[in-house]
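Remarks on the structure that follows.
As the structure lists them, so they are numbered: ligands from 1, and atoms in each ligand from 1.
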Amino acid sequence: MKVLIGTSEIAPYSKTGGLADMTAALGKYLGAAGVRVGVVTPLYSGILERDVAIHSTERLMKVQLGSGIEEGRIYECEASDNLTIYFVDHQHFYRRGGIYGEADMSYPDNAQRFLFLSKVILELSRQLPWRPDLVHLHDWQVAMFPVLLQNERQAGRYLLPPKTLLTIHNLAFQGIFSPDLLRWANLPWTYFHFQGLEYYGQLNFLKAGIVYADYLNTVSPSYADEILTRDHGCGLEGALNERSERLIGILNGVDYAEWKTTDNPYLEYSFSPGKLSGKAKEKQRLQRDLGLEVDPQIPLFGNISRLVEQKGIALMAEALRQGLLHSMQFVLLGSGEKDLEAVVVDLAESFPGRVHIRIGYDVAWSHRIEAACDFYLMPSLYEPCGLNQLYSMRYGTIPIVHAVGGLSDSVIDETQDADRATGIKFEEFTSAAVLEGIFRALELFGDADRLQAYRRRAMAVDYSWSAVAQSYLDYYRRILEAR
Ligand code: ADP
Ligand code: GLC
């Protein structure tokens with residue numbers, strides 16, 4: 001099988017969130033399973049400098065963008081077995097300070113930037129010596145691909161077109177633009193209607209993908225159900241319901257070659273389910289390095305996230321104000337919206353020596369915090385999949401989660417199955433419910449044997465990407481066999 005993946009982010013080259021981890025692992029593990037894989041993604045600033053294996057090629061993609069022709073040179077990198085990454089170079093569109101914008105402002109030409117990417121994917125799919133059977137698109141940035149392909153096919157310009165699959169990682173981001181920007185797509189206005197690209201008078205890229213892709217999926221089974229409802233459908237529940245027979249949920253996995261508790265370059269001590277002393281040492285090291293009281297008896301809670309509404313940061317801070325009246329510590333690593341940064345910095349000022357806030361983005365610290373903490377707080381308003389609860393479990397750090405989306409699918413609460421419990425879940429999205437979760441954690445911490453059992457079970461849970469890649473392969477086969 002031959003698959004071309006289109007994405008605006010891929011780790012470690014470009015990342016704003018879990019999308020990058022997901023596409024990197026998907027490519028790698030599909031390749032390992034024997035699939036011929038190509039990934040098409042922009043060559044953003046800094047990428048060439050970080051990997052000498054990326055080299056320029058003679059491939060120059062010329063595409064019509066509005067009334068002009070834009071060119072992108074393809075750089076290539078053989079990333080792993082059967083996996084080639086095709087980086088699209090366009091000085092003006094991609095060599096900038098950010099991926100989607102700078103200083104909290106989206107770039108005003110994002111429609112053009114990502115239509116260009118979608119058109120280059122289309123051109124590559126036609127020109128590659130190995131013709132992809134299927135093109136797998138991720139999120140709104142490349143969701144116009146299926147309609148661009150359909151238009152080419154109908155005009156007789158694309159014989160034997162590939163099948164298309166769109167993965168929705170986060171329905172809240174749709175790529176909504178003024179309708180006059182449709183001119184950059186070079187599509188006829190006949191596509192601009194209620195059952196096409198139109199959305200309350202605007203042009204909606206994600207809706208285009210939902211309507212025109214052959215098949216759809218989301219990154220957890222629960223989220224696939226949730227988005228069909230008014231509460232979680234972000235206005236697209238109607239379009240999604242039309243296609244619900246072609247929509248499934250596949251939970252993301254963890255790349256355990258990176259997220260590991262032994263021989264991890266970011267950790268000083270190794271640990272395993274049978275030998276947890278290294279975890280205690282990591283906790284001690286973190287407490288010391290962050291200026292928290294060094295004491296194994298004080299439960300340490302952590303959180304690593306983008307500071308945005310989705311992640312329930314304000315609610316968490318409110319609950320922590322109560323929780324911290326008891327013996328506990330909290331450490332957070334994150335960056336994002338300025339008002340939420342202020343909320344957490346304020347919390348640290350109220351509890352000196354007990355709360356540490358690290359504003360920024362740092363992979364090394366994210367591993368250290370996951371390893372050192374006893375509990376991981378993830379009170380997301382909604383969560384398509386969520387990766388940190390999965391990383392937490394592998395690191396023996398008990399997740400405390402709002403029971404939605406992928407959080408609901410991946411964590412088992414004692415009330416569901418006492419013998420298999422791996423974490424703590426709460427149902428309501430309120431600070432009282434988060435606090436209740438914290439109290440349950442404090443109680444668990446007080447019972448060393450029970451805590452040990454939780455940790456061992458959580459660490460043993462297997463969310464390996466090889467199994468997830470198999471699920472995608474099964475879905476691809478089903479798509480290719482369908483008429
Ligand atoms: P989302 O994609 O919605 O942000 P996920 O849980 O899927 O949420 O993925 C978030 C990813 O980004 C994880 O790999 C997490 O460790 C990482 N991450 C988020 N914030 C930071 C940060 N400040 N420093 C390092 N890694 C971070
Ligand atoms: C999105 C979602 C997150 C998911 C990630 C990778 O960023 O918000 O829940 O884990 O995509 O699929």
Under 4.0 Å from any heavy atom of [X], which atoms of ligand 2 are there?
| X | result |
| --- | --- |
| Gly18 | 5 (C), 6 (C) |
| Gly386 | 3 (C), 4 (C), 9 (O), 10 (O) |
| Asn170 | 8 (O) |
| Pro384 | 2 (C), 8 (O), 9 (O) |
| Asn252 | 6 (C), 10 (O), 12 (O) |

Scan Leu390, Ile400, Val401 and name whichever one has a side chain to side chain contact (heavy atoms under 4.5 Å, CB included) with Val411.
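Testing Val411 for a side chain to side chain contact (heavy atoms under 4.5 Å, CB included) against Leu390, Ile400, Val401 leaves exactly one candidate, Val401.
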
Below 4.0 angstrom from a heavy atom of [X], which ligand 1 atoms are there? Numbered from 1 as shown, please.
| X | answer |
| --- | --- |
| Arg306 | 1 (P), 3 (O), 4 (O), 20 (N) |
| Gly334 | 23 (N) |
| Ile304 | 20 (N), 21 (C), 22 (C), 27 (C) |
| Asp21 | 14 (O) |

For ligand 2, is any non-hydrogen atom under 4.0 Å from Val219's backbone (N, CA, C, O), its side chain (CB onward), both, or neither?
side chain

Could you check [atom] against the protein and tell me its nearest heavy-atom contact, residue, atom and distance included?
| atom | value |
| --- | --- |
| atom 2 (O) of ligand 1 | Gly18 N, 2.5 Å |
| atom 5 (P) of ligand 1 | Leu387 N, 3.7 Å |
| atom 27 (C) of ligand 1 | Tyr361 CE1, 3.3 Å |
| atom 15 (C) of ligand 1 | Asn388 OD1, 3.1 Å |
| atom 14 (O) of ligand 1 | Lys15 NZ, 3.1 Å |

Going by the ring pair (Phe, Tyr, Trp, His ring centres under 6.0 Å) test, name the single residue among Tyr94, Phe87, Tyr44 that passes it with Tyr13.
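Only one of Tyr94, Phe87, Tyr44 forms a ring pair (Phe, Tyr, Trp, His ring centres under 6.0 Å) with Tyr13, namely Phe87.
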
Are [X] and [Y] ion-paired here, with the side-chain N under 4.0 Å from a carboxylate O?
| X | Y | answer |
| --- | --- | --- |
| Asp417 | Arg457 | no |
| Asp374 | Lys279 | no |
| Asp362 | Arg368 | no |

Is the backbone of Thr164 close enough, under 3.5 Å, to the side chain of Asp214 for a donor and an acceptor to pair up by distance?
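Side chain of Asp214 to backbone of Thr164, a donor-acceptor pair under 3.5 Å: yes, one is there.
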
Is there a polar contact, in the sense of an N or O pair closer than 3.5 Å, between Gln310 and ligand 2?
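Between Gln310 and ligand 2 (N or O atoms, distance only) the closest approach is under 3.5 Å.
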
Judged by modelled atom types alone, do Tyr29 and Ser464 share a side-chain donor-acceptor pair under 3.5 Å?
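No.
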
Applying a heavy-atom cut-off of 4.0 Å, say which part of Ser305 lies close to ligand 1: side chain, backbone, both or neither.
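Ser305 to ligand 1: backbone contact only, side chain stays beyond 4.0 Å.
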
